[in-house]
Amino acid sequence: LEVVERDSKVISPSYKRPYPLVAGRGEGAIVEDVDGNRFLDFNAGIAVVATGHCHPKVVESIRNQAARLIHMSGTDFYYENMVTLAEKLSAIAPGGGARRVYYGNSGTEAIEAAMKVARYHTGRDKFIAFLGGFHGRTLGALSLTASKTVQRERFGPLVPGVHHIPYAYCYRCAYGKRSETCAVECVKVIERQLLKTVLPAEETAAIVLEPVQGEGGYIVPPRKFFDELQRVAKAHGILLILDEVQAGMGRTGRMWASDHFGVDPDVLAVAKGIASGMPLSATIARAELMQWKPGAHASTFGGNPMSVAAAL
């Protein structure tokens with residue numbers, strides 16, 4: 001318990017720490033603590049080590065890259081692996097078509113970039129998000145998050161103009177319907193209520209959601225939910241932003257959770273498992289959407305050479 005006691009004196013108490021595991025090393029699906037106890041790791045670093053702990057190929061890539069170039073900042077200069085990964089992400093992004101990639105360091109940064117892309121491109125400032133969704137903890141992403149009150153408590157005012165509606169949780173439908181016979185009321189509410197009362201369509205930049213909710217309870221919506229969402233978004237010129245930070249990178253059996261539903265997002269937010277434990281995120285947008293001026297948005301460490309090497 002020595003490390004736990006030292007930790008309590010110098011580390012922020014905002015970390016939840018549900019179990020006093022002091023990790024010493026990891027390999028594959030096993031984590032070994034500093035006392036030699038071995039644990040089967042179902043946590044995977046909060047859905048991060050997609051290839052297992054310390055996969056030999058990932059370790060080798062990191063070592064090789066560290067010996068050549070650790071950091072250069074792709075916001076000011078160029079290096080090849082940053083381009084190579086963007087090309088791969090563009091090629092496998094759902095929906096097809098030309099894409100551009102913005103690099104950050106975490107899921108919340110990917111969402112912040114997605115919000116800024118949506119505002120910059122549309123000239124609109126408001127968003128629709130879903131109850132139960134988790135999108136990050138920085139102020140913009142937190143404004144979309146509606147998972148637990150402790151995550152928002154005492155941090156207001158948050159970014160204005162975010163409107164939350166119930167997610168497509170068919171087992172406990174907020175509208176008392178059954179998925180087999182419903183009219184997708186969880187999407188119809190956007191046109192029937194929001195856009196008619198408090199949220200002008202011409203001021204709404206994007207609809208943001210996890211294709212499969214994670215922290216909200218691993219909720220899998222029906223395909224018609226996405227079909228209707230895409231219809232509403234296109235009808236009103238609203239962008240569709242999918243948060244694949246937790247559900248993406250193969251966690252649902254396909255590369256992207258959205259692949260199960262045939263959805264074609266305008267913007268995709270990716271992080272966690274993308275680099276098998278190294279800090280990296282990517283905001284993947286339609287090429288015609290990500291057309292902002294140099295200096296409009298950037299990150300010192302986003303797209304770090306070693307993180308990109310791990311991803312590749």
Side-chain angles (χ1 to χ4, degrees), residues 94 111 114-115 118 122 124-136 141-153 156 158-248 251-252 256-269:
I111 290 295
M115 294 176 74
T122 65
R124 306 173 180 184
D125 66 323
K126 296 179 177 60
F127 296 89
I128 298 171
F130 290 84
L131 298 172
F134 182 85
H135 301 286
L142 183 59
S143 302
L144 301 173
T145 292
S147 177
K148 298 179 178 67
T149 55
V150 67
Q151 295 161 350
R152 298 166 63 99
E153 183 181 359
L158 301 178
V159 173
V162 177
H163 297 262
H164 289 91
I165 57 177
Y167 193 69
Y169 190 2
C170 298
Y171 184 68
R172 294 186 174 90
C173 178
Y175 303 94
K177 305 293 182 179
R178 295 180 62 85
S179 61
E180 300 83 359
T181 57
C182 77
V184 202
E185 281 78 4
C186 51
V187 178
K188 289 288 196 324
V189 68
I190 296 174
E191 288 182 313
R192 292 176 179 175
Q193 184 175 351
L194 283 186
L195 301 185
K196 287 184 177 181
T197 58
V198 295
L199 185 60
E202 60 271 17
E203 295 181 9
T204 306
I207 300 170
V208 187
L209 72 154
E210 299 166 273
V212 173
Q213 277 198 348
E215 194 166 298
Y218 294 101
I219 300 169
V220 183
R223 179 164 182 152
K224 62 182 179 180
F225 171 67
F226 294 98
D227 293 340
E228 188 66 9
L229 265 181
Q230 290 186 108
R231 184 197 67 77
V232 170
K234 289 179 181 178
H236 298 280
I238 300 170
L239 300 184
L240 189 61
I241 298 174
L242 291 190
D243 181 344
E244 290 261 15
V245 170
Q246 184 171 149
R251 285 182 57 79
T252 64
W256 313 112
S258 50
D259 288 340
H260 293 278
F261 309 107
V263 63
D264 185 6
D266 296 297
V267 185
L268 198 70

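Scope of the values below: all heavy atoms of this structure, side chains included, with no hydrogens, waters or symmetry mates.
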Side chains of [X] and [Y]: closer than 4.5 Å at any heavy-atom pair?
| X | Y | result |
| --- | --- | --- |
| C173 | C182 | no |
| P221 | F261 | yes |
| F127 | V159 | no |
| H163 | Q193 | no |
| M115 | L144 | yes |
| Q151 | F134 | yes |
| E228 | V232 | yes |

Closest approach of [X] and [Y], non-hydrogen atoms and distance?
| X | Y | answer |
| --- | --- | --- |
| L158 | S143 | CB-OG, 3.2 Å |
| A205 | T122 | CB-OG1, 3.6 Å |
| A141 | I111 | CB-CG2, 3.8 Å |
| S258 | V263 | CB-CG1, 3.0 Å |

Quick one: does any side-chain atom of [X] pair with a main-chain N or O of [Y] as donor and acceptor, under 3.5 Å?
| X | Y | result |
| --- | --- | --- |
| K177 | C186 | no |
| R124 | G237 | yes |
| E244 | L268 | no |
| H236 | L195 | no |
| R152 | L142 | yes |
| R251 | A257 | no |
| T204 | P200 | yes |
| Y167 | E210 | yes |

Mind checking the [atom1]-[atom2] spacing from [X] to [Y]? Nearest 0.5 Å is all I need.
| X | Y | atom1 | atom2 | result |
| --- | --- | --- | --- | --- |
| E202 | I238 | CD | CD1 | 9.5 Å |
| Q213 | D243 | CD | CG | 10.0 Å |
| F225 | C170 | CZ | SG | 9.0 Å |
| H260 | R223 | NE2 | CZ | 11.5 Å |
| R231 | F226 | CZ | CZ | 16.0 Å |

### Query
For K148, does the NZ atom have more than 12 heavy-atom neighbours from other residues, nucleotides or ligands under 6.0 Å away?
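Yes - once you tally the heavy atoms of other residues, nucleotides and ligands closer than 6.0 Å, there are more than 12.
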### Query
Is there a side-chain contact (heavy atoms from CB on, under 4.5 Å) between H135 and F130 once you walk through the steps?
CA-CA 10 Å; H135 301 286; F130 290 84; over 6 Å; no
### Message
Just to verify, which of V267, L209, D264 counts as forming a side-chain contact (heavy atoms from CB on, under 4.5 Å) with L240?
### Response
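It is L209; the other options fail the test.
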### Task
Going by the side-chain contact (heavy atoms from CB on, under 4.5 Å) test, name the single residue among I190, L242, D266, I241 that passes it with I207.
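For I207, the side-chain contact (heavy atoms from CB on, under 4.5 Å) check succeeds only for I190.
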### Query
Using a distance-only test with no angle check, is there a side-chain donor-acceptor pair under 3.5 angstrom linking S147 and E215?
yes
### Query
Should K188 and E185 count as an ion pair when the cut-off is N to O under 4.0 Å?
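E185 and K188: not salt-bridged.
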